[in-house]
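Working notes, structure below.
Residue numbers begin at 1 in each chain, while the letters A, B, ... track the order of the sequences.
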Amino acid sequence: KAGVTQTPRYLIKTRGQQVTLSCSPISGHRSVSWYQQTPGQGLQFLFEYFSETQRNKGNFPGRFSGRQFSNSRSEMNVSTLELGDSALYLCASSLDGGTVAYEQYFGPGTRLTVT
Amino acid sequence: AQSVTQPDIHITVSEGASLELRCNYSYGATPYLFWYVQSPGQGLQLLLKYFSGDTLVQGIKGFEAEFKRSQSSFNLRKPSVHWSDAAEYFCAVLYQAGTALIFGKGTTLSVSS
């Protein structure tokens with residue numbers, strides 16, 4: 001079974017631009033979470049989607065948004081990029097129901113560099 | 001606030017020696033506990049998890065972890081470290097499905113020959 005895939009793997013953008021990152025979960029997984037990883041702040045939760053609905057959101061500004069499609073694929077968007085948005089963005093998927101819902105499987109991440 | 005502490009930022013272990021990485025969590029209720037490993041430029045790989053039951057859990061790559069409720073700890077161990085184990089290790093907790101994994105700051109493991 002294929003793992004979580006994220007595209008693109010690397011991205012360079014300029015301040016003020018916007019960016020869209022994509023995540024395809026493991027087949028059968030319906031929950032998708034997004035995390036931002038930076039050297040200073042570590043791993044921080046952005047949001048979680050299930051059945052095309054955002055169930056939880058972390059403490060990030062409204063410039064960070066996401067969505068989930070009917071096939072469980074998810075995208076996240078960052079508008080008006082700032083230098084501080086440079087980070088590794090990780091997507092994780094999980095099954096729903098029972099204790100397996102607690103196991104999150106991560107993709108390789110998208111490395112975003114804002115110049 | 002819920003938090004996870006990994007006291008050791010960087011550990012160096014000789015190849016073949018044993019390893020223990022520490023993790024403590026703060027919160028009254030017992031969360032679901034995880035250890036993840038991240039190699040440079042890669043995502044996170046789930047090493048092992050604790051939900052309930054036997055407090056000593058086995059994971060992949062020869063790792064094990066022990067949950068101690070009285071100490072709010074979930075330490076990761078390996079009897080004999082291999083050079084390929086060099087990576088960054090993250091302890092994480094989760095209180096409810098669909099909510100955020102709360103991660104520690106990570107411990108970087110270096111393996112010397």
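With respect to chain B, the highest number of heavy-atom pairs below 4.5 Å among A:Gly58, A:Gly109, A:Pro108 belongs to A:Pro108. Interface remark: of the candidates A:Leu90, A:Leu43, A:Leu88, A:Leu43 forms the most heavy-atom pairs closer than 4.5 Å to chain B.
Of the two parts of B:Leu46, only the side chain, counted from C-beta on, holds a non-hydrogen atom closer than 4.5 Å to a non-hydrogen atom of chain A. Contact of B:Gln45 with chain A is not made at all, since no heavy-atom distance falls under 4.5 Å. Heavy atoms closer than 4.5 Å to chain B are found in the side chain of A:Gln37, but not in its backbone. Heavy atoms closer than 4.5 Å to chain B are found nowhere in A:Arg111, neither backbone nor side chain.
Hydrophobic cluster of A:Leu83: the remaining members, joined at side-chain heavy-atom separations below 4.5 Å, are A:Leu11, A:Val19, A:Leu21, A:Val32, A:Trp34, A:Leu46, A:Phe47, A:Tyr49, A:Phe60, A:Phe64, A:Met76, A:Val78, A:Leu81, A:Tyr89, A:Leu112, A:Val114, listed by chain and number.
Ionic pairing of B:Asp8 and B:Arg22 is present here: one or more N-O contacts between side-chain nitrogen and carboxylate oxygen are shorter than 4.0 angstrom.
Within a 6.0 Å radius of CZ in B:Arg77, more than 12 heavy atoms belonging to other residues, nucleotides or ligands are found.
Remark: the B:Asn24 side chain and the B:Ser73 side chain contain no N/O donor-acceptor pair separated by less than 3.5 Å.
For the pair B:Lys78 and B:Phe63, the distance from NZ or CZ to the six-membered ring centre is under 6.0 Å and the angle to the ring normal is within 45 degrees.
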